[in-house]
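Right, one structure below, let's go through it.
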Amino acid sequence: MTNCNGQGEEVKILPDWKKVLVSREEFLKALGFGLSGVIALFATIPGVAFILNYLFVPKDPKWVNVGVIEKFKQGETALVGFHDPYILPWDGVSGHRSAWVRRNSDEDFTAFAVNCTHLGCPVRWKSDAQLFMCPCHGGVYYKDGEVAGGPPPRPLHRYPVRLVKGDVQIQVGMVLEES
Ligand code: FES
C-alpha cells in the first residue's frame, strides 16, 4: 500500500516484510502496524462481547429480591437496588440496577423501571408532589407511572412483583409489563 507525501513522492505505508529484520525503518513500520492491530483488537472486544451476549445469553425472566416487606411503608415509593442476574464478568458496576417500588396497601406492591420512556434518563421520585420527575427534558409521571406531562410517550415500565416468605421480589429480564 502506498501514499503520496507533500512533494508528490510515493511513500509505502505497509512494511516490506522481507526487510523487517534488516532495516530499522521497516522494523518500526512493522512494530507500529502490529501495535495498531493490538489496540484495534482491544477496542472492539466490548462491542463484540455486547453483541454476543445479546444474541446468545438467554434472558428468561428471573425473580430477584429487593427487600423485606417491612422495609416498605404503605403509600410510599422507595428506590431499591438489585444485582442484574444477566451480567457478564466484564460488565462491572453496570450490573447494578435500580427500580422504584411502591407499597399501595398491605400486600399490593408496584415496581417501576427507573428509566424514563422518552430517552431513558433515570426518573426521580418527589414524595412531596407524589410525582416522578425526569431531569432530562421535564417528563412527569403520576405515582402510578402514568404520564402526567412532558415528552414521555408511554407510562413507566413496570416489573411484575410477588411476595415470597416475607420478601418483595421483582421479575427482571427481557419482558417488562406496560402500565
Ligand atoms: Fe425523560 Fe426525555 S428522557 S423526558
Side-chain angles (χ1 to χ4, degrees), residues 39-164 166-179:
I39 291 169
L41 184 67
F42 276 103
T44 55
I45 285 175
V48 172
F50 174 81
I51 292 168
L52 292 178
N53 178 35
Y54 182 78
L55 292 177
F56 298 113
V57 176
K59 299 284 194 302
D60 296 333
K62 291 182 182 174
W63 293 98
V64 294
N65 275 350
V66 292
V68 294
I69 293 174
E70 295 76 44
K71 171 178 155 184
F72 302 94
K73 294 186 183 145
Q74 284 198 32
E76 293 191 6
T77 301
L79 187 65
V80 295
F82 61 92
H83 209 60
D84 187 335
Y86 304 105
I87 63 160
L88 296 173
W90 48 78
D91 288 338
V93 292
S94 65
H96 299 299
R97 303 261 187 261
S98 309
W100 289 106
V101 174
R102 178 172 186 81
R103 186 172 188 176
N104 304 306
S105 63
D106 197 28
E107 295 198 342
D108 181 20
F109 287 77
T110 311
F112 302 99
V114 294
N115 301 98
C116 179
T117 56
H118 180 219
L119 293 178
C121 291
V123 297
R124 297 179 191 145
W125 171 246
K126 297 288 179 189
S127 58
D128 47 347
Q130 293 287 293
L131 294 169
F132 291 102
M133 314 281 281
C134 178
C136 291
H137 313 104
V140 183
Y141 302 84
Y142 294 116
K143 64 183 179 182
D144 61 359
E146 292 293 326
V147 177
R154 291 179 300 281
L156 288 174
H157 293 293
R158 291 183 179 198
Y159 295 100
V161 185
R162 72 180 185 186
L163 306 179
V164 177
D167 286 324
V168 180
Q169 296 184 341
I170 65 174
Q171 192 182 49
V172 299
M174 295 297 279
V175 182
L176 288 173
E177 289 178 354
E178 293 290 337
S179 287

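Atoms within a ligand are numbered from 1 in the order they appear, just like the ligands themselves. Just so you know, these numbers come straight off a predicted model, no measurement behind them. Residues: numbered from 1 along the sequence shown.
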Audit row: C116, Y141, side-chain contact (heavy atoms from CB on, under 4.5 Å) steps and yes/no:
CA-CA 9 Å; C116 179; Y141 302 84; 3.1 Å; yes
For this session: With side-chain contact (heavy atoms from CB on, under 4.5 Å) as the test, would you mind laying out the steps for I170 and F109 before giving the verdict?
Result: CA-CA 10 Å; I170 65 174; F109 287 77; over 6 Å; no
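- Within the 4.5 Å cutoff, the side chain of F112 has no heavy atoms near those of the W125 side chain.
- Under a cut-off of 6.0 angstrom, the local environment of CZ in R162 is crowded, with over 12 non-hydrogen atoms contributed by other residues, nucleotides or ligands.
- With 3.5 Å as the limit, one finds a donor-acceptor pair spanning the side chains of T110 and N104.
- Distances shorter than 2.8 Å separate atom 2 (Fe) of ligand 1 from the protein N/O/S atoms H118 ND1, H137 ND1.
- Contact record, F132 with Y142: CD1-O, 3.4 Å, taken as the closest heavy-atom pair.
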